Asker: 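Here it is, the structure in full.
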Protein chains: 2
Amino acid sequence: MLRFAILELLERKPLSGYELKRRFQGSIVFFWRANHSQIYRELKLMEKDGLVVGSKVPHDWRPTKTVYAVTSKGREALVEWLREKPKLRGVKDEMMLKCFAFHLVPPEEAEAQLAHHQKLHQQRLEEYLKIKKQLEDRHGQLLETRDSILFWNALCLYQAMDHERMYVEWCRWAIARHKEFSAGNRPAARDGRENDSHGKLAG
Amino acid sequence: MLRFAILELLERKPLSGYELKRRFQGSIVFFWRANHSQIYRELKLMEKDGLVVGSKVPHDWRPTKTVYAVTSKGREALVEWLREKPKLRGVKDEMMLKCFAFHLVPPEEAEAQLAHHQKLHQQRLEEYLKIKKQLEDRHGQLLETRDSILFWNALCLYQAMDHERMYVEWCRWAIARHKEFSAGNRPAARDGRENDSHGKLAG
DNA sequence: AGATCATATGACAAGACTGACATATTCGAA
DNA sequence: TTCGAATATGTCAGTCTTGTCATATGATCT
């Protein structure tokens, strides 16, 4: 899995392990991440498998780096993988796992955790918006591009933003429901429910 | 991580490894999953750590099973974990990782994959709706419950549904954008964009 | 009679991932 | 001049996770 993420980036431009790590930050982080120890190890394995070749690039100052480029074998492996039907993999979400047992903690704490999580996702959303803005400044309206790399990149970015937005909204909604629950209110909130997301969507 | 998922379920009711696996299917699958080999191994480790105790329960027919119950130490560990602030973990999404490099495959194939993925998420959403319906048949309107276990359960279920809905919508939207892109259209679609999710939300 | 399904448990290999430790250089700031 | 930050690379231990193979039993279907 990780090796395909690496191949995708190297296919655009040969990079060293360190540069690769930085590229992850700016694009693939949306849906994949890895730390440097993982990346360096994987690069060596991939070289052994003939998917990439490394070449040493000396520097005046700074340590010599090894820049990796995709081989034709690597490119084939990447395309082959891209054409496979992806299977639907399960979500793993620590916050939700906790939420599932929040009846075991004091209600204020549960609510504080929801609020905290909302903030984290909000922040992440804002980072993504910043990245979007940068791309737009450089390339204009993303969806009007003729560049297929940029086009798919944009779709991915939108997906990542949708995800964060959904999460933020859910947190907000959950906190409101929880307040009602704690107060023991039933009917007062009912009229309002038609106007929030779950009133519309959950039917 | 897995051990807390297990503790959450055992805290409600002592279960054998096999039953635990089945419980995962019905509730925690929304945001965590594990196969049986993982569960059995973890249960043994947890018993060694004193978080659970197993007791053999013989059967007339069927092999004897070992039912595990949470110890007070296990319960403490669970609550302690629940009260920690959860850190925001990165998403890992194979489909999106592929999407990022879809410029390398023929456009029809990319689109077919999006459509296929949309269907998978649609199906998952329908499963969740079925589960929701079952819960409602048994307990009435979920958000009006006085049962805190059920309440949090419902919030989690709604989150899972929101997630699937978001994904389905994004796939639909992405396919439409991609058709425009392939056709080389720019302006024709512009008026319509104000009415779809990204016209509204991405600003 | 034979096949298959559901219950019930486990071993094992391989891969993925985290986090801490370790090292070396150069630049710029305090 | 000392400190930290950025560049650049690696090891290692331990954990988590996946997937496959293996083994039983009894029930039910054909």
Side-chain angles (χ1 to χ4, degrees), chain A residues 1-7 14-26 28-29 31-49 51-52 54-68 77 81 84 86-94 97, chain B residues 1-7 14-26 28-29 31-49 51-52 54-68 81 86-94 97:
Chain A
M1 206 69 281
L2 174 59
R3 61 177 48 195
F4 296 114
I6 291 174
L7 284 173
L15 299 166
S16 71
Y18 190 82
E19 291 163 333
L20 212 34
K21 168 77 177 118
R22 312 214 64 217
R23 287 293 167 110
F24 260 78
Q25 297 310 328
I28 286 190
V29 235
F31 28 78
W32 211 269
R33 58 194 66 202
N35 55 31
H36 72 276
S37 52
Q38 223 181 323
I39 289 173
Y40 286 118
R41 199 176 337 107
E42 193 64 28
L43 280 171
K44 279 182 185 164
L45 292 175
M46 288 166 75
E47 188 164 30
K48 218 176 57 190
D49 294 346
L51 303 177
V52 297
S55 50
K56 299 231 177 282
V57 176
H59 255 269
D60 323 342
W61 52 285
R62 291 192 212 285
T64 299
K65 64 183 176 182
T66 310
V67 170
Y68 291 88
W81 171 75
E84 275 170 26
K87 42 182 162 16
L88 191 51
R89 299 179 73 81
V91 177
K92 298 225 165 166
D93 188 327
E94 187 175 342
L97 192 57
Chain B
M1 208 67 283
L2 174 59
R3 60 177 49 196
F4 296 113
I6 292 174
L7 284 173
L15 298 166
S16 70
Y18 190 83
E19 291 163 332
L20 211 36
K21 168 75 176 124
R22 312 214 63 215
R23 286 294 167 109
F24 261 77
Q25 297 310 326
I28 287 190
V29 234
F31 29 79
W32 210 268
R33 58 193 67 201
N35 55 29
H36 73 275
S37 50
Q38 221 181 326
I39 290 173
Y40 287 116
R41 201 175 335 110
E42 193 65 28
L43 281 170
K44 279 180 185 166
L45 293 174
M46 288 165 75
E47 187 164 31
K48 218 175 58 192
D49 294 345
L51 303 177
V52 296
S55 50
K56 298 230 177 283
V57 175
H59 255 270
D60 320 341
W61 53 286
R62 291 192 213 286
T64 300
K65 63 184 175 180
T66 309
V67 170
Y68 291 88
W81 172 74
K87 42 184 163 12
L88 192 50
R89 300 180 71 82
V91 177
K92 298 225 165 166
D93 188 327
E94 187 175 341
L97 192 57

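A quick note: this is a predicted structure, and the numbers were derived from the prediction, not measured. Chain letters run A, B, ... following the sequence lines, proteins first and then strands; every chain starts at 1.
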Asker: Give the rounded distance in Å between these two atoms: CG of Leu45(B) and P of dT9(C).
Answerer: 16 Å
Asker: Within less than 4.0 Å of OP1 or OP2 of dT18(D), is there a side-chain N or O belonging to Gln38(B)?
Answerer: yes
Asker: In whole Å, I'd like the distance from the CE atom of Met1(B) to the C1' atom of dC17(C).
Answerer: 14 Å
Asker: Is Lys65(A) close enough to dG10(D) that one of its side-chain N or O atoms is under 4.0 Å from OP1 or OP2 there?
Answerer: no
Asker: Just to confirm, is there a sub-4.0 Å distance from OP1 or OP2 of dT9(D) to any side-chain nitrogen or oxygen of Tyr40(A)?
Answerer: yes
Asker: Do the side-chain N or O atoms of Arg22(A) get closer than 4.0 angstrom to the phosphate oxygens (OP1, OP2) of dT7(D)?
Answerer: yes
Asker: Would you indicate what Lys92(A) reaches in the nucleic acid, counting non-hydrogen atoms under 4.0 angstrom: base, sugar-phosphate, or nothing?
Answerer: sugar-phosphate
Asker: Could you check whether Lys21(A) gets within reach of a base, just the sugar-phosphate, or nothing at all, counting any heavy atom under 4.0 Å?
Answerer: nothing
Asker: Could you tell me the separation between the CZ atom of Phe24(A) and the C1' atom of dC17(C), rounded to a whole number of Å?
Answerer: 13 Å
Asker: For dT9(D), take OP1 and OP2 only and decide whether either is under 4.0 Å from a side-chain N or O of Ser16(A).
Answerer: yes
Asker: In whole Å, what is the span from the CG atom of Asn35(A) to the P atom of dC21(C)?
Answerer: 15 Å
Asker: Is the phosphate of dT7(D) approached by Tyr18(A) (side-chain N or O, under 4.0 Å from OP1 or OP2)?
Answerer: yes
Asker: Checking all strands, does Ser37(B) fall into the base, sugar-phosphate, or nothing category for heavy-atom contacts under 4.0 angstrom?
Answerer: base
